[in-house]
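In what follows, a structure is listed as structure tokens, so that the remarks can point back to it.
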Protein chains: 2
Amino acid sequence: MNISAVAGAAGLPVKTVRYYSDIGLVPAPARSASGYRSYDDAAVRKLVFVRRAREFGFSVEECRELLGLYEDRYRSSADVKRIATRRLDEIAEKQRELQSLHDELAHLVEACRGDHRPDCPIIDGLGARHALASE
Amino acid sequence: MNISAVAGAAGLPVKTVRYYSDIGLVPAPARSASGYRSYDDAAVRKLVFVRRAREFGFSVEECRELLGLYEDRYRSSADVKRIATRRLDEIAEKQRELQSLHDELAHLVEACRGDHRPDCPIIDGLGARHALASE
DNA sequence: CTTGACCTTCCAGTAACTGGAAACACTAGA
DNA sequence: TCTAGTGTTTCCAGTTACTGGAAGGTCAAG
């Protein structure tokens with residue numbers, strides 16, 4: 001399979017597939033006589049795996065780690081669970097942050113009349129918390 | 001005020017203050033005879049404003065826009081509200097994404113025994129969804 | 001043989017900083 | 001006054017995970 005075929009099969013842009021090979025996230029593919037990259041089905045499976053893991057927010061380095069576990073027939077499921085749980089905690093933390101952000105900003109937006117006049121609680125609220133009170 | 005004083009007052013790293021001046025997000029400060037940057041209170045207020053806006057997730061370019069509105073005594077509050085509401089929508093969207101991510105990953109983690117055996121629904125779930133079966 | 005799609009490498013740019021090197025400036029103490 | 005130590009300057013490079021584009025080689029169809 002040429003690179004565009006494998007990219008299509010894996011649901012990734014051609015550039016990204018090339019990039020993943022370049023950084024050694026997936027093994028360097030064989031080359032045709034004229035230098036074209038030649039991928040096999042195993043490469044497609046790994047690329048799909050990586051795409052999915054990336055969609056889940058795992059970093060490329062975590063993907064590398066997961067891919068190692070994916071390849072290892074003898075790894076324990078505990079190893080995988082540890083990484084996934086860590087990621088789950090990060091997601092939960094991010095959710096909490098977003099929530100307080102949302103609440104605070106929504107509060108400011110609601111307080112703003114949104115008319116032609118210059119008074120604006122949003123601007124005031126962004127600046128005032130620490131040093132702006134006196135302008 | 002030298003750069004470290006203003007950075008301390010604004011709650012930003014020195015490097016970041018220099019960076020914000022370099023990209024023209026805040027005006028280029030006056031220089032001492034020996035070339036040291038010399039900031040005033042107005043600069044501190046603007047830097048605090050930017051820091052807060054960044055904490056709210058506004059991009060640097062949005063900060064530039066907000067700072068323009070912040071500086072403009074005659075802008076309407078509607079202008080500000082428009083930007084803030086857009087950001088609020090983005091936050092809400094990000095929250096929805098994170099939620100489905102969380103649910104899906106939590107489901108996989110719960111299904112995993114996390115023991116010494118190699119069977120792992122997380123690994124299987126990451127690889128299987130799209131292309132391994134029939135896509 | 002030519003056209004057009006596909007492939008190659010390499011360089012640069014994105015966002016928003018951050019780290020580090022080399023050199024100059026300032027301040028306090030001996 | 002010299003010196004040590006810290007602060008500041010500029011500039012370059014690296015970060016993350018790609019993405020866009022240029023210049024040029026390859027392949028299949030007509």
Side-chain angles (χ1 to χ4, degrees), chain A residues 1-26 28-40 43-44 46-67 87 90-91 94 97 101, chain B residues 1-40 43-44 46-67 86-87 90-91 94 97 101:
Chain A
M1 290 169 95
N2 278 352
I3 196 165
S4 62
V6 77
L12 287 168
V14 167
K15 278 266 188 187
T16 303
V17 173
R18 205 177 279 128
Y19 173 72
Y20 285 164
S21 297
D22 286 350
I23 63 172
L25 180 56
V26 297
R31 297 294 184 122
S32 74
S34 57
Y36 283 22
R37 287 173 180 80
S38 186
Y39 293 89
D40 57 13
V44 175
K46 285 177 198 170
L47 286 167
V48 168
F49 181 87
V50 170
R51 176 175 58 75
R52 287 279 298 163
R54 292 285 299 123
E55 284 168 4
F56 270 100
F58 291 97
S59 71
V60 166
E61 286 315 305
E62 283 171 326
C63 286
R64 208 185 287 274
E65 199 177 352
L66 284 168
L67 213 42
R87 173 78 195 126
E90 287 164 10
I91 292 175
K94 192 77 192 165
E97 280 174 29
L101 219 57
Chain B
M1 290 169 96
N2 278 352
I3 196 166
S4 62
V6 76
L12 287 168
V14 167
K15 278 266 188 188
T16 303
V17 173
R18 205 176 277 127
Y19 174 73
Y20 285 164
S21 297
D22 285 350
I23 64 172
L25 180 57
V26 296
R31 296 296 181 119
S32 74
S34 58
Y36 283 21
R37 286 173 181 81
S38 185
Y39 293 89
D40 57 14
V44 175
K46 284 177 198 170
L47 286 167
V48 168
F49 180 89
V50 170
R51 176 176 57 75
R52 287 278 298 163
R54 291 285 299 125
E55 284 168 5
F56 271 99
F58 291 96
S59 73
V60 166
E61 286 315 305
E62 283 171 326
C63 287
R64 209 185 285 275
E65 200 176 352
L66 284 169
L67 213 42
R86 192 173 63 204
R87 173 76 195 130
E90 287 164 10
I91 292 175
K94 192 76 192 169
E97 281 174 28
L101 220 57

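Chain letters run A, B, ... following the sequence lines, proteins first, then strands; residues in each count from 1. Just so you know, these numbers come straight off a predicted model, no measurement behind them.
- Dashed line: the shortest gap from a side-chain N or O of A:Arg64 to OP1 or OP2 of D:dT16 is not under 4.0 Å.
- The backbone N or O of B:Leu12 sits nowhere less than 3.5 Å from a side-chain atom of B:Arg51 that would complete a donor-acceptor pair.
- Between B:Arg37 and B:Asp22, the shortest heavy-atom contact is NH2-OD1, 3.8 Å.
- Comparing B:Arg54 and B:Tyr36 along DNA chain C, the residue whose closest nucleotide (by nearest heavy atom) sits nearer the 5' end is B:Arg54.
- For C:dA25, neither phosphate oxygen OP1 nor OP2 lies less than 4.0 angstrom from any side-chain nitrogen or oxygen of B:Ser32.
- Distance, A:Glu55 CD to D:dC18 C1': 15 Å, rounded to whole Å.
- Counting only distance, with no hydrogens or angles, the side chain of A:Glu55 and the backbone of A:Arg52 share no donor-acceptor pair below 3.5 Å.
- Contact check, B:Arg37 against C:dA25: no side-chain N or O comes under 4.0 Å of OP1 or OP2.
- Using a 4.0 Å cut-off on heavy atoms, the residues of residues 13-26 of chain B that approach DNA chain C are B:Pro13, B:Lys15, B:Thr16, B:Tyr19, B:Tyr20, listed by number.
- Scanning both residues, B:Pro29 and B:Ser38, for their nearest heavy atoms gives CB-O, 3.7 Å.
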Under the side-chain contact (heavy atoms from CB on, under 4.5 Å) rule, what do B:Tyr39 and B:Ser21 come out as? Steps first, then yes or no, please.
CA-CA 11 Å; B:Tyr39 293 89; B:Ser21 297; 2.9 Å; yes
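- Closest to the side chain of B:Arg31, from the set D:dC18, D:dT10, D:dT8, is D:dT10.
- The nearest whole Å value for the distance from the CE atom in B:Met1 to the C1' atom in C:dC26 is 18 Å.
- Separating the CD1 atom of B:Ile3 from the C1' atom of C:dC17 is a distance of 14 Å, rounded to the nearest angstrom.
- Taking 4.0 angstrom as the limit, A:Ser34 places a side-chain polar atom (N or O) nearer than this to OP1 or OP2 of D:dC27.
- Panel note: side chain B:Arg87, backbone B:Ser59; no donor-acceptor pair is recorded below 3.5 Å.
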